[in-house]
Number of protein chains: 2
Amino acid sequence: MLKLTKKADYGLMALKYLAERPETVALSAKDIADAYGIPAQLLAKILQQLTRAGLLRSHAGMNGGYALSREAREISAYEVIHAIDGPFFITSCTKGAKGCELTPSCTIKEPLARVNDTIAGVLKSISIQDLAEHEHPHGRGHEVKALVSLTL
Amino acid sequence: MLKLTKKADYGLMALKYLAERPETVALSAKDIADAYGIPAQLLAKILQQLTRAGLLRSHAGMNGGYALSREAREISAYEVIHAIDGPFFITSCTKGAKGCELTPSCTIKEPLARVNDTIAGVLKSISIQDLAEHEHPHGRGHEVKALVSLTL
DNA sequence: TAGTATACGACCAATTATGTCGGCGTTTCA
DNA sequence: TGAAACGCCGACATAATTGGTCGTATACTA
Ligand code: FES
Ligand code: FES
């Protein structure tokens, strides 16, 4: 519940890995998978999704692989999660399109939609760069602040 | 992903329903389930969990049922979700206790733990009362503001 | 003591998440 | 020019989680 899927986790890990190595031209799915000990084929599929979403650039052939398509600073955690797991709604019903069967009775989704937006906002304010930077063990380095206001 | 379970949803709906009827002494699981068209037995189990967690008071026998054990204002959405789905961690690994197998390789969970706390904070700042109040269709009524700061 | 309710655990069913396989297209380089 | 290293894609198979049901025991009321 309210938990990132492993896929999203893997995706974030991979992007972070790439962000930490800006000098390299490209890294293969296998390289990254090995670095973290996660299933290579699964990661490959995830990276493909991220490529389709435009977050990565891919290159086939020998010495091919994946590279960030933009600055790490310009890629938000939200985009990654969205690309992998699709749009997320904290409520069970999507509320979009046709809504769920309970729509008339369930009066709770409206306020929760605000919560949903708030969380999305938090995720949007975090970039891959933020994740990568946090490497320096005792650094007080860039202290990124995200301020979110929730108005019910 | 990143979605409330139906159980949590049902739980919130039920508490909201109770909060909207402060005058009633108690409502049975069936009453509430019927009001929303959700499985009565399932809701019963949920209400039992909430009772164990101390959010509700229960009373068996005729005219028995459940009632809020505190002011709606004093019950947060976080407590409800926590009582039903257990502690939540946005990261796949719990990080507590023994952590997951990936611990040494996965360097992403630490920053995400902050995000986790932020979201928990948002949820904690929302009370059942807030959900119930939001009923008045065009009211600009109580505008509850929750300010959350995220520092990576 | 009949009737209405909660309490709780075992169990099954549905859904979703995770991971695998096989075949195909591309690029590099010897 | 062809083998190796790679990405691309869809169809599985499996595992884990959720959602929901049943049966029975217990508690309270009238
Ligand atoms: S869960 Fe669909 S309307 Fe509330
Ligand atoms: S998922 Fe467990 S350490 Fe990252």
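Excluded from the calculations below are hydrogen atoms, water molecules and symmetry mates; all remaining heavy atoms, backbone and side chain alike, are included.
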Check: Does the side-chain contact (heavy atoms from CB on, under 4.5 Å) test come out yes or no for B:Leu12 and B:Ile128, once each step is laid out?
Finding: CA-CA 8 Å; B:Leu12 288 170; B:Ile128 296 300; 4.1 Å; yes

Item checked: Which atom of A:Leu42 lies closest to which atom of A:Lys7, heavy atoms considered -> CD1-CE, 4.3 Å

Notebook entry, point to check: NA contact type, A:Lys30, heavy-atom cut-off 4.0 Å: base, sugar-phosphate, or nothing?
Noted result: nothing

Checklist line | Distance, rounded to the nearest Å, where A:Lys7 contributes NZ and C:dT16 contributes C1' | finding: 10 Å

Next item on the list: Please tell me which of the listed nucleotides, D:dG20, C:dG19, C:dT6, lies nearest to the side chain of B:Ser58?
Entry: C:dT6

Notebook entry, point to check: What nucleic acid atoms does B:Ala29 come within less than 4.0 Å of, heavy atoms only: base, sugar-phosphate, or nothing?
Noted result: sugar-phosphate

Item checked: B:Gln48 side-chain proximity, nearest of D:dT21, D:dT18, C:dA7 -> C:dA7

Margin query: With a 4.0 Å limit, can you tell me whether A:Tyr10 has a side-chain N or O closer than that to the phosphate oxygens OP1/OP2 of C:dA17?
Written below: no

Margin query: Whole angstroms only, please: what is the NE2-P distance between A:His59 and D:dC6?
Written below: 12 Å

Notebook entry, point to check: Counting any heavy atom closer than 4.0 Å, what does B:Arg57 reach on the DNA or RNA strands: base, sugar-phosphate only, or nothing?
Noted result: nothing

Note to self: Nearest whole Å is fine: how far is D:dC9 C1' from A:Leu47 CG?
What the structure shows: 14 Å

Note to self: Any N or O donor-acceptor pair under 3.5 Å from the base of D:dT21 to the side chain of B:Lys45?
What the structure shows: yes

Next item on the list: Measure from the side-chain N and O atoms of A:Ser28 to the backbone N and O of A:Gly65, and report whether any donor-acceptor pair falls under 3.5 Å.
Entry: no

Margin query: Here's a test of your reading of the structure: between B:Gln41 and A:Ser28, which maps to the more 5' nucleotide of DNA chain D?
Written below: A:Ser28

Checklist line | Trace of the side-chain contact (heavy atoms from CB on, under 4.5 Å) decision for B:Thr51 with B:Tyr66 | finding: CA-CA 8 Å; B:Thr51 303; B:Tyr66 298 89; 3.3 Å; yes

